[in-house]
Amino acid sequence: MKRTRIAHVLAEGQPGETHQVCGWVRTRRDSKQGFSFIELNDGSSMQGLQIVVDADVPGFEEIHKLITTGASLRLVGKLQESPGKGQRVEMVASEIELYGTADADTYPLQKKRHSFEFLREIAHLRPRTNTFGAITRVRNILSAGIHEFFQTRGFQYIQTPVITTSDCEGAGEMFQVTTLNLERIAQIQTEIDFNQDFFGRKASLTVSGQLEAEIFACAIGECYTFGPTFRAENSNTTRHLAEFWMIEPEMPFYDLNDNMELAEEFIQFLMKAVLEKAPDDMQFFNDRIENTVLETVKQIAETPFERVPYTEAIEILTSSGEKFEYPVKWGNDLQSEHERFLTEKHFKKPIILFDYPRTIKPFYMRCNDDGKTVRAMDVLVPRIGEIIGGSQREERLDVLENRMRECDLNPDDYWWYLDLRRFGTVPHSGFGLGFERIVQLVTGMQNIRDCIPFPRTPKNAAF
RNA sequence: UCCCCUGUAGCUCAAUCGGUAGAGCGAGCGGCUGUUAACCGCUAGGUUCAAGGUUCGAGUCCUUGCGGGGGAGCCA
């Protein structure tokens, strides 16, 4: 007999049907008359299946005491309408098999609430909890939604390299990749000769696929990347990971307005997908994790984003009367407190800030005619802050070269990037979206380390 | 990297002014029950993160180290 997923049994199972289910025990409750209630969860849904096992089920008596929280079982039984409250149907077992026990004295997951800090220390078992099951399912819906969004719009999914030798992508500290024997080198020499290294030069893990995505956007049209990204920053916050997943669409013939439109449509699409496809998990997050998350996600899904030029945002902040720890001044980057004020208090919805001062933005963003600003945009959402950063790219060769020198970069190092402007240059735009930040936004989870199965942060890569 | 908080039973936490280390949950045993965060009783469970210092006496105060959390910066 084929296994039926518990999610399917709960949603569509009818009294009288016989099914086989497999999974892990959440709780067992014994009754005097000799039968037991087992709540079984197989990860397919938030809710588990209640199974009534009578004392005369073959083999049950021998394994009865071994059916503890965490034990794995196979059960066959007939569904019936549940006389008790809390579930539509339940199963009456006719066959039971114990796959594996989970010794109650040593199994770390108990039938109680655990702190997220503790669960991080047992990252191999935390997917078995309600919260991490829900996060994993929502992560999956978001992943599928990302591909669906772009695929139905004719975007091509491209793969950019994880290992890169372009030394200065300009988006933060990089992890070095090497096959050199560092212990030996430390003993016998003081200078490192990268010619001896695997690639014959210094190599690192990518901090962004953007430059490579531009190559394809300027060849095959709209495209996007969705892959791991690495930043060796010593960041210890609830919003940063050393290894995270990033989505980077890149579109030829898009100006900044087209770019903003796409970013807004994209985020709203993902919010709707989650609301529609994971209502139980979303309700759980709202009940148990963060009681405003449903409202927030719905609001983002439906409300048009406010578009505010940087200069106007500065004016709003200076005339707000709000006391900020850091001064608001044109030409300075906005601090977290400023962004939060704008999106949480002033506009009370997602906002897109654009046209930032060129001095605080990277070289590849297109310069405006005012000589002071660039066509950059940041999408800010309540609670998380920046979730998307993007821009229209500078497509004019001479302007781009000047900007590189202004940023102390050597244009020769980017010869291939400049070739895109040298031969058949086109206006184009793109943005980057941190996948775990979207997960964090829709789940209401406070710490991004709980939004990825195996978080990597400074001093932490145990699993 | 900086600032603040924190480290006590398997887990979540308490311990007054520096004076014999406790509770809830979990676990074991027993009872009760179509139960569902089940409930009731009993029992076991501790090198108080580590090293050093002050003191008659340190979980508590001081120093250093390590771990964890929050905030900031960097960003997605």
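Letters go in sequence order (proteins before strands), and every chain restarts at 1. These values consider heavy atoms only, across backbone and side chains, with no hydrogens, waters or symmetry-generated copies. As the structure is a computational prediction, the values presented were derived from the model and not from experiment.
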Could you check which nucleotide pairs with [N] in any of the strands shown, counting Watson-Crick or G-U wobble with both distances under 3.5 Å?
{"N": "B:G67", "answer": "B:U6"}
{"N": "B:G19", "answer": "B:C56"}
{"N": "B:A72", "answer": "B:U1"}
{"N": "B:U36", "answer": "none"}

Kindly say if [X] contacts the phosphate of [N], meaning a side-chain N or O under 4.0 Å from OP1 or OP2.
{"X": "A:R120", "N": "B:G69", "answer": "yes"}
{"X": "A:Q335", "N": "B:G73", "answer": "yes"}
{"X": "A:S336", "N": "B:G73", "answer": "yes"}
{"X": "A:N236", "N": "B:G73", "answer": "no"}
{"X": "A:T238", "N": "B:G71", "answer": "yes"}
{"X": "A:R28", "N": "B:A38", "answer": "no"}

Checklist outcome for this item: note: A:F37, atom CZ; B:C39, atom C1'; distance rounded to Å ~ 14 Å
What nucleotide, of [options], holds the atom closest to the side chain of [X]?
{"X": "A:F244", "options": "B:A76, B:U12, B:G73", "value": "B:A76"}
{"X": "A:E39", "options": "B:U36, B:A72, B:C75", "value": "B:U36"}
{"X": "A:E117", "options": "B:C74, B:G68, B:A76", "value": "B:G68"}
{"X": "A:H114", "options": "B:G69, B:A72, B:C11", "value": "B:C11"}

Item to check | Distance between C1' atoms of B:U6 and B:G65 (Å, rounded) | outcome: 16 Å
Does [X] make a side-chain donor-acceptor contact with the base of [N], cut-off 3.5 Å?
{"X": "A:S235", "N": "B:C74", "value": "yes"}
{"X": "A:R437", "N": "B:C75", "value": "yes"}
{"X": "A:E81", "N": "B:G34", "value": "no"}

Checklist entry - Counting any heavy atom closer than 4.0 Å, what does A:S31 reach on the DNA or RNA strands: base, sugar-phosphate only, or nothing? => result base
Checklist entry - Which is true for A:R239 with a 4.0 Å heavy-atom rule: it touches a base, it touches only sugar-phosphate, or it touches nothing? => result base
Next on the checklist: For a quick test of reading the model, state the closest non-hydrogen atom pair linking A:V381 to A:P350 and the distance between them.
Outcome noted: CG1-CB, 4.1 Å
Checklist entry - Aromatic ring centroids of A:F226 and A:F150 under 6.0 Å? => result no
